[in-house]
Amino acid sequence: MAVIDLPLVAPDRKVSGLRPLKVLHHFGKLVEDKEDTEQVFHIIEATKGKRSFAQARAFIQSPEGQRFLTEDVDIPAMLDDHARWADCGPNTVAAHYIAFMKREGLSAAGLVAESHRWAPPERLPRDQTQWYFDRQRDTHDLFHVLTGYGRDALGEVSLLGFTYQQNHNTGILFIAYAGARQIKKVSRTAAPIYAAIKEGRRLGRVAAKISHQDIAALMREDIGAARARLNIGQPDVYRRCLAILESEGTMREALTLGGAGNEVEAQAA
């Protein structure tokens with residue numbers, strides 16, 4: 001069945017609301033291994049609330065949402081088809097995106113596979129709301145490219161501050177601040193780590209919603225022009241934090257959430 005023919009909300013879909021013990025349990029696992037992306041999906045699902053669903057409904061029912069539903073583009077496949085963007089100039093979003101993904105050893109399909117580890121597609125509700133949540137997932141790495149936040153631990157939690165203001169999932173904000181706390185604890189830095197999260201939230205609040213864009217058209221834009229059109233500002237506090245951390249002897253590649261899993265698990269008990 002085409003996605004445009006699916007119900008807006010499937011009868012079996014449930015809004016779980018905040019489940020703090022489940023959140024803390026999966027955050028503990030994320031602390032142990034920040035590359036364990038599966039834990040992020042568990043946390044997001046445990047905190048998805050009415051505001052996230054209201055935003056999904058509003059976009060789906062908008063003219064743009066209806067157009068994207070009808071077109072039903074496979075965003076991960078499109079993004080991973082690097083040959084499709086071969087004619088794009090060196091300063092386009094596509095060129096920056098491909099360079100980022102190659103440098104980090106990532107693929108859009110890989111993120112989809114991670115999400116399916118905790119929730120196989122056959123177990124998810126078949127509705128347009130799921131299409132919208134998948135769209136948010138599938139554009140995650142474009143958030144990195146457009147905002148300038150790196151994949152170091154501070155870049156990830158700062159980007160989550162930005163993402164929260166875009167998606168309104170409280171689990172994302174929880175991970176951002178809990179992650180910042182762990183970075184501060186492990187590095188003992190004087191850098192204003194929490195201010196970097198606050199900056200991410202401010203930038204995300206005023207920016208246009210990235211997941212609501214025509215992704216194929218966005219990829220062909222000049223990246224500077226795209227940032228200006230979407231009103232995405234510069235992450236100056238984040239960069240200042242990285243400079244302070246480096247002056248203290250902590251390189252961005254070494255940034256970690258640390259081995260605080262036992263403490264977080266104890267809080268959940």
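Everything quoted here is computed from the prediction, not taken from an experiment.
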task: Please round to the nearest 0.5 Å and tell me the distance separating atom CG of L173 and atom CD of Q165.
output: 7.5 Å
message: Hydrophobic clusters here meaning ILVMFWY residues chained together by side-chain heavy-atom distances under 4.5 Å, can you tell me if Y177 and L154 are in one?
response: yes
field: Side-chain heavy atoms of R151 within contact of L106, under 4.5 Å
entry: yes
- prompt: Distance-only, no hydrogens or angles: does the N231 side chain make a donor-acceptor pair with backbone N or O of V206 under 3.5 Å?
  reply: yes
Shortest non-hydrogen contact between A208 and Q213, atoms and distance: CB-NE2, 4.1 Å
query: Are L69 and D72 side-chain neighbours, meaning at least one heavy-atom pair lies under 4.5 Å?
result: no
message: Go through it in stages, so that I can follow the logic: the residues are M101 and Y97, the test is side-chain contact (heavy atoms from CB on, under 4.5 Å), and I'd like the CA-CA distance, side-chain angles, deciding distance and then a yes or no.
response: CA-CA 6 Å; M101 298 299 275; Y97 175 82; 3.3 Å; yes
message: Quick check on the 6.0 Å ring-centre criterion: do F59 and Y132 meet it?
response: yes
message: Would you say V237 ends up clustered with Y164 if hydrophobic residues are merged whenever their side chains have heavy atoms under 4.5 Å apart, either directly or through other cluster members?
response: no
Sub-4.5 Å side-chain heavy-atom contact between Y238 and T147: no
message: Would you say CZ of R126 has more than 12 non-hydrogen atoms from neighbouring residues, nucleotides or ligands within 6.0 angstrom?
response: no
Polar side-chain atom of D80 near backbone of A109 as donor-acceptor pair, under 3.5 Å: yes
field: Side chains of Q234 and R239 in contact at under 4.5 Å (non-hydrogen atoms)
entry: yes
- prompt: Step by step, would you call H212 with Q55 a side-chain contact (heavy atoms from CB on, under 4.5 Å)?
  reply: CA-CA 11 Å; H212 292 191; Q55 179 168 298; 4.2 Å; yes
Donor-acceptor pair between S211 and Q136 side chains, under 3.5 angstrom: no
task: Could you tell me whether a side-chain N or O of Q66 sits under 3.5 Å from a main-chain N or O of I60, the two making a donor and an acceptor?
output: yes
field: Inter-residue atom distance R137.CZ - D134.CG, 0.5 Å rounding
entry: 4.0 Å
- request: Please confirm whether the backbone N or O of R220 pairs with a side-chain atom of T92, one donor and one acceptor, at under 3.5 Å?
  value: no
query: Can you tell me if NZ on K184 sees more than 12 non-hydrogen neighbours from other groups inside 6.0 Å?
result: yes
task: Please report the shortest heavy-atom distance between I244 and A190, naming the atom on each side.
output: CG2-C, 4.4 Å
message: Counting C-beta onward and ignoring hydrogens, is there a side-chain heavy-atom pair between F68 and D214 closer than 4.5 Å?
response: yes
- prompt: Taking all atoms of both residues into account, what is the closest heavy-atom pair of P192 and C241, and its distance?
  reply: O-SG, 3.4 Å
task: Give the minimum heavy-atom separation between I232 and A207, together with the two atoms involved.
output: CG1-CB, 4.0 Å
message: Does any part of the side chain of E156, heavy atoms only, come nearer than 4.5 Å to the side chain of I175, both counted from C-beta?
response: no
Verdict with reasoning, L146 to F162, per side-chain contact (heavy atoms from CB on, under 4.5 Å): CA-CA 11 Å; L146 289 165; F162 181 99; over 6 Å; no
task: Report yes if the side chains of L79 and D141 come closer than 4.5 Å at any heavy-atom pair, otherwise no.
output: no
query: Parallel under 30°, tilted from 30 to 60°, perpendicular over 60°: which one fits the rings of F143 and H140?
result: parallel
message: Keeping T139 on the side-chain end and L142 on the backbone end, is there a donor-acceptor pair under 3.5 Å?
response: no
field: Heavy atoms of other groups near E246 CD, more than 12 under 6.0 Å
entry: no
message: Restricting to non-hydrogen atoms, name the atom on W85 and the atom on M78 that form the minimum distance, rounded to 0.1 Å.
response: NE1-O, 3.3 Å
message: Tell me whether R135 is salt-bridged to D138, with the criterion being a basic N under 4.0 Å from an acidic carboxylate O.
response: no
query: How long is the span from the CG atom in N167 to the CG atom in N169, to the nearest 0.5 Å?
result: 7.5 Å
task: Would you please test L8 and Q61 for side-chain contact (heavy atoms from CB on, under 4.5 Å) and show each step?
output: CA-CA 9 Å; L8 175 63; Q61 294 176 337; 3.7 Å; yes
message: Return the CD1 to CZ distance between I223 and R227, rounded to the nearest 0.5 Å.
response: 4.0 Å
- prompt: Between CZ of R123 and NE2 of H116, what distance do you get to the nearest 0.5 Å?
  reply: 11.0 Å
query: Within the distance-only criterion (no hydrogens, no angle test), does the side chain of S158 pair as donor or acceptor with the backbone N or O of G155 below 3.5 angstrom?
result: no
- prompt: Between atom CZ of R202 and atom CD1 of I197, what is the distance when rounded to the nearest 0.5 Å?
  reply: 13.5 Å
task: Assess whether atom CZ of R188 is packed by more than 12 heavy atoms of other residues, nucleotides or ligands within 6.0 Å.
output: no
query: Considering all heavy atoms of both residues, which atom of P76 and which atom of V112 are nearest to each other, and what is their separation?
result: CG-CG2, 3.7 Å
message: Could you check whether any side-chain heavy atom of H82 comes within less than 4.5 Å of a side-chain heavy atom of K102, counting everything from C-beta outward?
response: yes
